[in-house]
Amino acid sequence: MHDLAYFRANLEAIRERLATRGFVLDVDRFVELDRRRRAAVTETEQLRARRKVESAEIARLRQAAVDTEERQRQVRQIGERIAQLEENLRELEDAFREMLAGIPNLPHESVPVGPDETANVEVRRFGEPRQFDFAPRAHWDLGPALGILDLERAAKIARTRFAVYVGLGARLERALINFMLDVHTREHGYTEVLPPFLTNSDALFGTGQLPKFAQDLFRIQDYDLWLIPTAEVPVTNLFREETLEADRLPIKLCAYSPCFRSEAGSYGKDVRGIIRQHQFQKVELVKFCRPETSYEELEGLTRDAEQILRKLGLPYRVVALSTGDLGFASAKTYDIEVWMPGQGAYKEISSCSNFEAFQARRAGIRYRTAKGKSEYVHTLNGSGLAVGRTWVAIVENYQQADGSVVVPQALVPYVGAERITPRGEIA
RNA sequence: GGAGGAAUGGCCGAGUGGUCGAAGGCAGCGGUCUUGAAAACCGCAGUGGUCGAAAGGCCACCGGGGGUUCGAAUCCCUCUUCCUCCGCCA
């Protein structure tokens with residue numbers, strides 16, 4: 001959500017800026033809606049002011065024992081007129097708010113301008129893709145062969161795009177979650193939270209998933225509850241409609257959660273394996289900070305996420321998304337992409353964004369400045385990391401010619417094994 | 001799930017139909033006094049919207065939504081949250 005006064009005062013510049021991310025702002029419609037809405041507000045309020053005065057007059061007259069029947073009748077008519085105007089105003093407000101809530105954030109000035117992901121800019125790289133002396137296999141071959149991943153039974157009990165992890169496969173997933181949480185809490189200063197995995201509509205509006213992206217979510221029947229698509233939603237909304245003390249900032253939280261996405265419209269994309277699932281596990285990093293430090297905090301948050309890959313010895317690169325590839329609420333985003341030998345490509349494993357005050361305005365998250373004024377915080381988040389994709393990266397990068405997988409050193413204490421070999425836990 | 005009670009400004013707490021945006025206290029800010037501070041005293045102080053160049057008006061907000069009324073913090077309905085008791089449960 002944009003700041004209304006700022007938005008009105010800079011319409012043309014904003015229209016041009018939004019165009020770089022492929023959003024067409026209907027300036028005429030905005031101006032017209034805003035004009036009509038304000039006219040309705042003025043008219044309604046003037047009538048309300050009149051009713052107030054008249055009512056006070058009635059009170060006075062009645063104390064003086066004067067008959068007020070006729071006056072009451074007149075004021076009743078004013079009241080009826082107000083009710084009509086209020087209904088009209090409500091419609092205008094709804095239309096206006098809906099339009100405003102559907103406008104994406106403005107890209108930060110440092111974001112490369114371009115129409116789509118082809119304009120993304122690589123900012124750094126870590127490690128080199130390993131040279132195999134055999135043909136590396138993809139995880140959808142390795143997993144079932146090792147008996148650690150069962151997609152067929154998952155489809156039977158749920159549907160396609162779900163997975164069952166078995167034996168050391170399940171253990172590896174759990175090990176990664178604990179490893180990531182330990183690194184972020186012990187070494188990077190984040191506080192761990194374990195939030196609800198379902199949230200209400202208000203929370204999803206706050207972070208920007210609603211109203212525009214309802215089709216990407218799973219909804220619970222008969223309740224105003226949805227399965228979270230990311231822990232960003234419950235964690236960012238922790239402080240919804242709250243004013244934080246400035247000396248508490250920045251607040252750094254991390255959370256493990258499963259994430260649920262309908263993946264509507266992604267037919268034919270990443271259909272094999274577990275790259276794209278309806279349910280996956282993720283450790284999320286979330287920050288609340290003062291506006292003047294948010295870009296510094298974005299660099300730090302991205303480094304924190306990268307650190308997991310470094311410790312695991314997985315090659316990756318960091319990419320600055322172009323204006324055309326930015327998510328709805330983001331002002332700037334770095335994607336971290338890990339090397340996947342089975343697919344011969346770098347695949348997104350984390351997305352780290354600064355939302356500036358866009359989410360804070362929607363969710364009403366403020367802080368009190370030194371002068372005592374309350375202002376909106378900046379919010380940031382990033383995956384630290386997507387656990388399922390990290391699982392894939394380990395299996396594919398650490399595979400051996402005999403089909404086994406060597407466990408990265410940093411993870412051995414968590415997995416309790418140095419190597420994953422077929423065990424046949426479930427036939 | 002059932003029965004009762006509660007929800008007022010940063011905090012505490014008055015207020016059951018008519019200048020109540022809301023007494024009082026605490027905390028906050030400015031000032032007087034003081035070498036300085038404290039105390040005391042005086043004053044200022046909420047959020048959002050809207051009109052206005054500004055000064056300043058006006059409107060809304062007493063947990064959320066709806067209703068009754070000329071007029072609602074006050075009455076009615078409903079929802080939410082918290083507390084007490086019963087039931088159930090991990």
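Throughout, a chain's letter reflects where its sequence line sits, starting with A, and its residues are numbered from 1.
If you take atom P in B:G64 and the same atom in B:G52, they sit 30 Å apart, rounded to whole Å. A gap of 43 Å separates the C1' atoms of B:G15 and B:C89, to the nearest Å. Taking atom P in both B:C41 and B:C26, the straight-line distance is 9 Å, to the nearest Å. Taking the P atoms as reference points, B:G31 lies 16 Å from B:A45, given to the whole Å. The C1' atoms of B:A54 and B:G71 are separated by 35 Å, rounded to the nearest whole Å. Separation of the C1' atoms belonging to B:C11 and B:U78 is 30 Å when rounded to the nearest angstrom. B:G28 sits 16 Å from B:G10 when the P atoms are compared, rounded to a whole Å. Atom name P, nucleotides B:G9 and B:A22: the rounded distance is 15 Å, in whole Å.
Within the shown strands, B:G5 is the pairing partner of B:C82 under the Watson-Crick or G-U definition, both distances less than 3.5 Å. Applying the Watson-Crick and G-U wobble criteria (two distances, each under 3.5 Å), B:C20 pairs with nothing in any strand. Judged by Watson-Crick or G-U wobble contacts below 3.5 Å, the nucleotide B:C26 has B:G10 as its partner. Checking B:C41 for Watson-Crick or G-U wobble geometry (two distances, each under 3.5 Å) identifies B:G31 as its partner. In this structure, B:A55 forms no base pair with any nucleotide, since neither Watson-Crick nor G-U wobble geometry is met with both distances under 3.5 Å. Look at B:C61: its Watson-Crick or wobble partner, with both distances under 3.5 angstrom, is B:G46.
Between A:Arg62 and A:Arg366, the one whose closest nucleotide on RNA chain B sits nearer the 5' end is A:Arg366.
Heavy atoms of A:Arg38 sit under 4.0 angstrom from primed sugar atoms or phosphate atoms, though from no base atom. Residue A:Arg35 is out of contact with every strand shown, counting any heavy-atom pair closer than 4.0 Å. The residue A:Arg8 sits close only to the backbone: its heavy atoms come under 4.0 Å of sugar-phosphate atoms, none of a base.
A salt bridge does not link A:Arg261 to A:Glu263: none of the charged nitrogens lies less than 4.0 Å from a carboxylate oxygen. A salt bridge does not link A:Arg29 to A:Glu32: none of the charged nitrogens lies less than 4.0 Å from a carboxylate oxygen.
Shown here are the side-chain hydrogen bond (donor to acceptor under 3.5 Å, both in side chains) partners of A:Arg48, two or more places apart in sequence or in another chain: A:Glu86.
The listed nucleotides are B:G48, B:C70, B:G66; the one nearest the side chain of A:Arg76 is B:C70. With B:G18, B:C70, B:U50 as the choices, the nucleotide that has an atom nearest any side-chain atom of A:Leu4 turns out to be B:U50.
Between the side chains of A:Tyr316 and A:Glu306, at least one donor N or O lies within less than 3.5 Å of an accepting N or O.
A:Glu87 has its CD atom 12 Å from the P atom of B:G66, to the nearest Å. Here the P atom of nucleotide B:U50 and the CG atom of A:Leu85 are 17 Å apart, to the nearest Å. Atom CD1 in A:Ile82 sits about 13 Å away from atom C1' in B:U69, given to the nearest Å. Nucleotide B:G49 holds its P atom 12 Å from the CG atom of A:Leu100, rounded to whole Å. For the pair A:Arg60 CZ and B:C70 P, the computed distance is 19 Å after rounding to whole Å. Straight-line distance from the CZ atom of A:Arg81 to the P atom of B:C70: 19 Å, rounded to whole Å. Following rounding to the nearest Å, A:Arg361 (CZ) and B:U47 (P) show an atom-to-atom distance of 17 Å. The distance from atom CD of A:Glu93 to atom P of B:G65 is 14 Å, rounded to the nearest whole Å.
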* Asked: Going through the checks in order, is the ring-ring contact (aromatic ring centres under 6.0 Å, His included) test met by A:Tyr367 and A:Tyr376?
  -> CA-CA 6 Å; A:Tyr367 75 105; A:Tyr376 291 110; 9.5 Å; no
* May I have the step-by-step check of ring-ring contact (aromatic ring centres under 6.0 Å, His included) for A:Phe218 and A:Phe260, ending in yes or no? => CA-CA 7 Å; A:Phe218 287 114; A:Phe260 302 91; 7.2 Å; no
* List the steps and the verdict of side-chain contact (heavy atoms from CB on, under 4.5 Å) for A:Glu152 and A:Val164. => CA-CA 9 Å; A:Glu152 288 171 19; A:Val164 176; over 6 Å; no
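One finds no side-chain N or O of A:Arg97 lying less than 4.0 angstrom from the OP1 or OP2 phosphate oxygen of B:G49. Dashed line: the shortest gap from a side-chain N or O of A:Arg71 to OP1 or OP2 of B:G71 is not under 4.0 Å.
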Pairs under 3.5 Å (N/O, protein and nucleotides 55-63 of chain B):
{"residue": "B:C59", "atom": "O2'", "partner": "A:Arg48", "partner atom": "NE", "Å": "3.2"}
{"residue": "B:C59", "atom": "O2'", "partner": "A:Arg48", "partner atom": "NH2", "Å": "3.3"}
{"residue": "B:C59", "atom": "O2", "partner": "A:Glu45", "partner atom": "OE2", "Å": "3.4"}
{"residue": "B:A60", "atom": "OP2", "partner": "A:Lys52", "partner atom": "NZ", "Å": "3.2"}

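The six-membered or imidazole ring of A:His378 lies away from that of A:Tyr295, with a centre-to-centre distance of 6.0 Å or more.
Minimum interatomic distance between A:Pro258 and A:Gln281 (heavy atoms only, all atoms of both residues): CB-OE1, 3.8 Å.
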